[in-house]
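Atoms within a ligand are numbered from 1 in the order they appear, just like the ligands themselves. Residue indices begin at 1 and follow the sequence shown.
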Amino acid sequence: MVEELLFRILFVAIWTIFAGVRIYYRRKSTKPTDTGDAPQIKKKQKLGWMLLVLSIGILGMIISIIVYLLMPLWILWFPIPLPSLVRWIGVILGFCTVPFLVWIHRTLGRFWAADLEIKEDHTLMTSGPYSRIRHPMYTVFILFTLSALLIASNLFVTVFAIIVILMFYPISIKEEEMMLDQFGDEYRDYIQRTGRFLPSLRQVKISDSDQGIENSK
Ligand code: SAH
């Protein structure tokens, strides 16, 4: 029972830090620029049903987590008996997502948006976390949600967490349609050398073959 309490405390710590980082960068990205203007939005893409399902998933997760945290017997009602080690892996995973979230926000800067948007002077970021993965922020969200699922090891949290995780796939497709429309061939090339949620090995292969061409010259 002491370990269960520890999991709950660590759970709250991870969520608090993650939410703190998120709120900080959210404020920063919507702040007016040096010239005094607020960032101008050029295009906006509606997420429609995807946003609805994602919101239901997130809300369901939050409610089940609050119940999980406040009701000592909750874990005994709908448990998924994961081994302690797996739950500790969830704790480590949760903490590890935080520096990546900071790195991604710092790279994306004011081009970040809660919705799918193209700003007036939008440029395509292809460095840092974006050099090998097209949606590193969604990868971080997926891992963060997975960490919640593992730590809570509870049926309700798991069901809502799976809904949230699955939704990032159609959202990423919609986002890529918008990016292709905006950046055309530049984004098409970018797709070729990157992976959606995991690093692509193709970039290595391309540079290897370039190397081969260089050597044969
Ligand atoms: N899907 C990305 C970004 C999420 S934030 C990720 O998971 O990291 C959503 C906003 O980021 C969108 O409005 C889009 O305009 C912007 N965006 C996505 N990829 C980008 C890139 N490579 N360079 C610049 N802006 C990008």
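- Under the side chain to side chain donor-acceptor pair (under 3.5 Å) criterion, Lys42 pairs with no residue, sequence neighbours left out.
- Not a single side chain to side chain donor-acceptor pair (under 3.5 Å) links Ser55 to another residue, sequence neighbours left out.
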Check ligand 1 against the protein and report each N/O to N/O distance under 3.5 Å, formatted as atom name, atom name, distance.
from     : atom 1 : to     : atom 2 : distance (Å)
ligand 1 : 1 (N)  : His135 : ND1    : 2.8
ligand 1 : 1 (N)  : Glu175 : OE1    : 3.2
ligand 1 : 1 (N)  : Glu175 : OE2    : 2.6
ligand 1 : 7 (O)  : His135 : O      : 3.4
ligand 1 : 7 (O)  : Met137 : N      : 3.1
ligand 1 : 7 (O)  : Tyr138 : N      : 3.0
ligand 1 : 8 (O)  : Tyr130 : OH     : 2.6
ligand 1 : 8 (O)  : Pro136 : N      : 3.4
ligand 1 : 8 (O)  : Met137 : N      : 3.0
ligand 1 : 13 (O) : Asp115 : O      : 3.4
ligand 1 : 13 (O) : Glu117 : N      : 2.8
ligand 1 : 13 (O) : Glu117 : O      : 3.0
ligand 1 : 15 (O) : Glu117 : O      : 2.6
ligand 1 : 22 (N) : Met125 : O      : 3.0
ligand 1 : 23 (N) : Met125 : N      : 2.8
ligand 1 : 25 (N) : His122 : NE2    : 2.9

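- Using a distance-only test at 3.5 Å, with no hydrogens or angles considered, a donor-acceptor pair links the side chain of Arg87 to the main chain of Ile151.
- At distances below 3.5 Å, at least one donor-acceptor pair connects side-chain atoms of Tyr190 with backbone N or O atoms of Tyr130.
- Residues Phe95 and Leu93 share a hydrophobic cluster, clusters being chains of Ile/Leu/Val/Met/Phe/Trp/Tyr side chains in contact below 4.5 Å.
- In terms of the side chain to side chain donor-acceptor pair (under 3.5 Å) criterion, residue partners of Glu117 (sequence neighbours excluded) are, by chain and number, Lys44.
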